[in-house]
*Asks:* 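Here it is, the structure, as structure tokens.
Both ligands and their constituent atoms are indexed starting at 1 by order of listing. All values below were derived from every heavy atom in this structure, side-chain atoms included, with hydrogens, water molecules and symmetry-related copies excluded.
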Amino acid sequence: MKYHDATLHVRGESIYIDDHTLPSGCLHAAVFASPVAHGVLKNLDIEAAAHTPDVAGILTAADIPGENQIGGIIRDEVLLAEKGVDFAGQPIALVVAKTADAARRAVRLVTAEIKEKKPILDPREAYAHNQLIQPPRVFACGDVDAAWAQCEYIISGRADSGGQEHLYLETQGAIALPREDGGIKLFSATQSPTSVQKTVARVLNLPMHHIEVEVLRLGGAFGGKEDQASCWAALAALAAFKMKKPVKLVLRRHEDMRYTGKRHPYSSDYKIGLNAVGKILAYEVSFYQNAGAAADLSPAILDRTLFHTSNCYHIPNVRATGYSCRTNCAPNTAFRGFGGPQAMFVIESAIHRAAQALGVDASVIQHANLLREGDEFPYGQKAVNPHIRKCWQILEERCETEKLRADAARFNAAHPFEKKGIAVMPICFGISFTNTLLNQANALVHVYSDGSVGVSTGVVEMGQGTHEKIRGIAARVLGISVGRIRMESTNTTRNANTSATAASTGPDLNGNATRLACESILLRLKSFLAVLRGLDQPDQVAILDEQVLIDGKRIDWDWPTLIREAYCSRINLSAHAHYATPHIFFDRDKNKGDAFAYHVYGAAMVEATVDVVRGTYRFDAVRLVHDVGQSLDPLIDQGQVEGAVVQGLGWLTLEETIHDKTGRLLADSLTTYKVPDIFFAPKVIDVHFLPDSFNPPGPFHSKAIGEPPFMYGIAGYFALINAIKVFRPDWQVEYTAPLTPERVLLALHG
Ligand code: LUZ
Ligand code: MOS
């Protein structure tokens, strides 16, 4: 392992929010949260709690100097409840004390009188009650209504996918320090320092320059800290502002699981039409998204669902309608894939059902409909270099598909108590924030006079290795060793107006900004030497492996010499650069445009075995061919793929976010919420990167890696379904996820 933080991580030396050395007098906060999912707040009694030893104060909505509002896209989310509560776990008051234990002891003495109202937990029920976050959104192409007449097969059905707990290792948290000028400095576990800055400024009624947000690293996030870190930062900041003392607020695991939103559960209806040879002619789908009690990022997530309606297939007639439904669950939020996986689960369910009608394996229909060069997505963008057919073909060769299927059939005939299933999942994922304006980043690069380099960008390192990739980019542009480059913390005073580290765009946006900044320093260095040596062109100078070359020949200067000389000649050794993804646009009224810089493609084959007596199962192998362009760091990319595959498998199999009828989350700990562990992970995860793939928009022809491989997990679900059908061919498949062992058992014997 060469991952640069690895040594610190394994020694326990990496600093997370909870590891900071606290300034003296630092106070600790804990949240009093709503015990019920829906109700009118009649009375809040904080008296007993306020008089407990070591309690410094209790804050409610009335203490907020600015707006009691943390909604990002839509202003519909209060920081602290005022008149009513809309989900179990909604913050009502903040207790601040000398220790975290004292704060939590006092929280237990706070009482709220709440007149309970019936909660809505199901998105279809919310839709029936007209509880929509926004008007319905429709993406369409061709003429669906006219196309049905040409279809040989028309199949309709329903598909349901569940929520998913982020389970980042580091829970949500922040430390807020009052500044001498009345401002606040925050250490926050956020993917989006600028969002935290904006939200805190709004809540405290301060200009943004009074709020400084610093992020060293996160212990994971997966989307859970794109928007939802702001709440805890704002609470800590509010307390620090009011009490003029440092305040730390770090959630415990149970609290984090109950208070924060998850991946959006979706319930969807589809109708799919095919001709006699399995070409999909028409597809109509309605997505009911369980947004939870506030918008959070739900509208953006619903948009990405609509963008990925047809996965990597070319379908000439599509109508997709998305409903963002307000329920009394904690506001659901970004999670790796951002609504894309939910859409792909539905089209794959439709294809799987259609395959049964046609009497073929689903892979026949999948393959017959894969995108070709120039095919249009329903949103009007044309597929450019869609490597999906190439990935599929290489996958078939690597897997020896025929033999694999024959082996499975032989196994199934020989084993009465175990059945194997195989499924393929081709993927396509658009790279760019679907909200075009977010596709910008900036970098600040300093070359110090000893030749060492510091790089600051808006990117947040959360274990995904983006800092390592950006170091590599800076080193390649400058022609020096990676060891000279240090990635600085992410800080709003060094990089302003940044987008979240999200949408898999971290290295694309921030890496390109870093490249531009390094290029401008490099040009100054070359020009300096060109003048000094009387050369015609700065481009006669090059730096390679830390050595200075003129016209391709080494001179007796190395990098430190060059920098020392340049500094002595008063050359500017720092640069700031801004990068905005070129050529992208999207018309949000027509829902048409070239929304993405490019797409990532790949295909996976999963082999699973079901124990038909117990309903338990294992994943024997996941083999995949994935398009990363020219990888910036194959080790990091392989790690991202492996983690994504296991996380994707977990989403559709083990992980179940269960609420009781009153809307309380029952699966609120690691004893009741099961995540994949190393024993559950497939015995074989064979990752093969597509060779000879080039990608001009990515730094050094790389492609984004974070989210796309998550969708390979969908093949695991269908491999299990296929295995169950071997045992019970007459089973009427219900496309409901997660397919827990309990559901498998019912499918086998119910
Ligand atoms: N976040 C966001 C995302 O704000 N917009 C997006 O399009 C997106 N896509 C994936 C993950 N996070
Ligand atoms: Mo995200 S789902 O924060 O890229």
Side-chain angles (χ1 to χ4, degrees), residues 71-74 137 139 163-168 172 189-196 198 215 218 220-230 260-264 289 295-308 322 324 331-344 379 381 427-441 458-466 490 498-510 581 584-586 588 591 593-600 640 643-644 647-648 651 703-711:
I73 298 177
I74 299 175
R137 299 266 297 143
F139 278 38
Q164 187 175 26
E165 162 64 38
H166 298 87
L167 218 87
Y168 24 67
Q172 302 272 3
T190 176
Q191 287 171 254
S192 188
T194 294
S195 300
V196 167
K198 244 185 224 169
V215 182
L218 314 185
F222 307 111
K225 298 165 184 171
E226 183 175 340
D227 204 58
Q228 300 211 345
S230 298
T260 67
K262 325 215 169 296
R263 180 185 295 284
H264 292 76
Q289 176 198 54
D296 190 274
L297 290 164
S298 298
I301 290 161
L302 188 70
D303 270 13
R304 195 172 270 280
T305 300
L306 295 165
F307 276 108
H308 294 302
S324 185
N332 287 315
T333 193
F335 197 140
R336 205 174 198 170
F338 207 72
Q342 288 94 323
M344 295 192 206
Y379 47 93
Q381 185 162 4
I427 60 135
C428 167
F429 199 79
I431 302 301
S432 286
F433 286 94
T434 61
N435 182 356
T436 305
L437 84 86
L438 296 175
N439 295 287
Q440 54 175 318
V459 99
V460 169
E461 177 57 44
M462 49 190 133
Q464 84 283 40
T466 299
T490 314
T498 57
S499 300
T501 300
S504 310
T505 61
D508 282 15
L509 297 175
N510 298 275
T581 310
I584 51 172
F585 71 97
F586 189 66
R588 275 189 53 87
N591 290 328
D594 290 355
F596 298 114
Y598 60 91
H599 293 82
V600 171
Q640 283 293 301
Q647 197 168 39
W651 167 48
K703 281 195 172 186
I705 191 72
E707 296 172 287
F710 179 88
M711 269 68 68

*Asks:* Considering only the protein, which heavy-atom contact is closest to atom 1 (Mo) of ligand 2, and what is its distance?
*Replies:*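 Closest protein heavy atom to atom 1 (Mo) of ligand 2: Glu226 OE1, 3.3 Å.
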
*Asks:* Test ring-ring contact (aromatic ring centres under 6.0 Å, His included) on Phe710 and Phe222; report intermediate values, then the result.
*Replies:* CA-CA 11 Å; Phe710 179 88; Phe222 307 111; 9.5 Å; no

*Asks:* By number and element, which atoms of ligand 1 are closer than 4.0 Å to a non-hydrogen atom of Glu707?
*Replies:* 10 (C), 11 (C)

*Asks:* Examine the proximity of ligand 1 to Arg336 and report which part, side chain or backbone, both or neither, has a heavy atom under 4.0 Å away.
*Replies:* neither

*Asks:* Could you tell me whether the side chain of Thr501 and the main chain of Gly506 form a donor-acceptor pair under 3.5 Å?
*Replies:* no

*Asks:* Could you pull out the closest heavy-atom pair between Ala229 and Ala189, with the gap in Å?
*Replies:* CB-O, 3.3 Å

*Asks:* Tell me: protein heavy atom nearest atom 7 (O) of ligand 1, and distance?
*Replies:*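 Sorting protein heavy atoms by distance from atom 7 (O) of ligand 1 puts Thr434 N, 3.0 Å first.
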
*Asks:* Mind telling me whether His166 and Phe335 have parallel, tilted or perpendicular rings, with 30° and 60° as the class edges?
*Replies:* parallel

*Asks:* I'd like to check which ligand 1 atoms, numbered from 1 as shown, lie under 4.0 Å from a non-hydrogen atom of Phe433.
*Replies:*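 What qualifies from ligand 1 is 1 (N), 2 (C), 4 (O), 5 (N), 6 (C), 7 (O).
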
*Asks:* Under 4.0 Å from any heavy atom of Glu707, which atoms of ligand 2 are there?
*Replies:*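 The atoms of ligand 2 under 4.0 Å from a heavy atom of Glu707 are 2 (S), 4 (O).
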
*Asks:* Looking only at distances, can you tell me whether any N or O atom of Ala503, backbone or side chain, sits closer than 3.5 Å to an N or O atom of ligand 2?
*Replies:*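 Min N/O separation from ligand 2 is below 3.5 Å for Ala503.
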
*Asks:* Could you walk me through whether Phe338 and Phe429 pass ring-ring contact (aromatic ring centres under 6.0 Å, His included), step by step?
*Replies:* CA-CA 11 Å; Phe338 207 72; Phe429 199 79; 9.1 Å; no

*Asks:* Among all the protein's non-hydrogen atoms, which is closest to atom 9 (N) of ligand 1, and how far away is it?
*Replies:*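 Going atom by atom, the protein heavy atom closest to atom 9 (N) of ligand 1 ends up being Arg304 NE, 2.8 Å.
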
*Asks:* Looking at CZ of Phe586 and CD of Gln381, how far apart are the two atoms once the value is rounded to the nearest 0.5 Å?
*Replies:*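 It comes to 10.0 Å.
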
*Asks:* Ligand 1 versus Ala503, non-hydrogen atoms closer than 4.0 Å: side chain, backbone, both, neither?
*Replies:*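 The answer is both, backbone and side chain.
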
*Asks:* Nearest protein heavy atom to atom 6 (C) of ligand 1, by residue and atom, and its distance?
*Replies:*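 Heavy-atom neighbour on the protein nearest atom 6 (C) of ligand 1: Phe338 CE2, 3.4 Å.
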
*Asks:* Under 4.0 Å from a heavy atom of Glu226: give me the atoms of ligand 1 that qualify, with their elements.
*Replies:*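 Once the distances to Glu226 are compared, the set is 1 (N), 2 (C), 3 (C), 4 (O), 12 (N).
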
*Asks:* Quick one: which ligand 2 atoms are inside 4.0 Å of a heavy atom on Ala502?
*Replies:*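 Once the distances to Ala502 are compared, the set is 1 (Mo), 3 (O), 4 (O).
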
*Asks:* Which atoms of ligand 2 are found less than 4.0 Å from any heavy atom of Gly223?
*Replies:* 1 (Mo), 2 (S), 3 (O)

*Asks:* Has ligand 2 got any nitrogen or oxygen that is less than 3.5 angstrom from a nitrogen or oxygen of Gln191?
*Replies:*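 N/O-N/O distance below 3.5 Å exists for this pair.
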
*Asks:* Is the shortest heavy-atom distance from the side chain of Trp651 to the side chain of Gln342 under 4.5 Å?
*Replies:*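 Yes, at least one pair of side-chain atoms sits under 4.5 Å.
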
*Asks:* Distance from Ile705 atom CD1 to Gln640 atom CD, nearest 0.5 Å?
*Replies:* 7.0 Å

*Asks:* Taking the basic N atoms (NZ, or NE/NH1/NH2) and the acidic carboxylate oxygens, is any pair closer than 4.0 Å for Arg336 and Glu707?
*Replies:*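 Looking at Arg336 and Glu707, the cut-off is not met.
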
*Asks:* So, taking the atom named CD in Gln191 and the one named CG in Leu218, what distance separates them when rounded to the nearest 0.5 Å?
*Replies:* 7.0 Å

*Asks:* Less than 3.5 Å between some nitrogen or oxygen of Arg336 and one of ligand 2, yes or no?
*Replies:*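 No; every N/O pair is 3.5 Å or more apart.
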
*Asks:* In terms of atom number and element, which parts of ligand 2 are under 4.0 angstrom from non-hydrogen atoms of Phe335?
*Replies:* 2 (S)

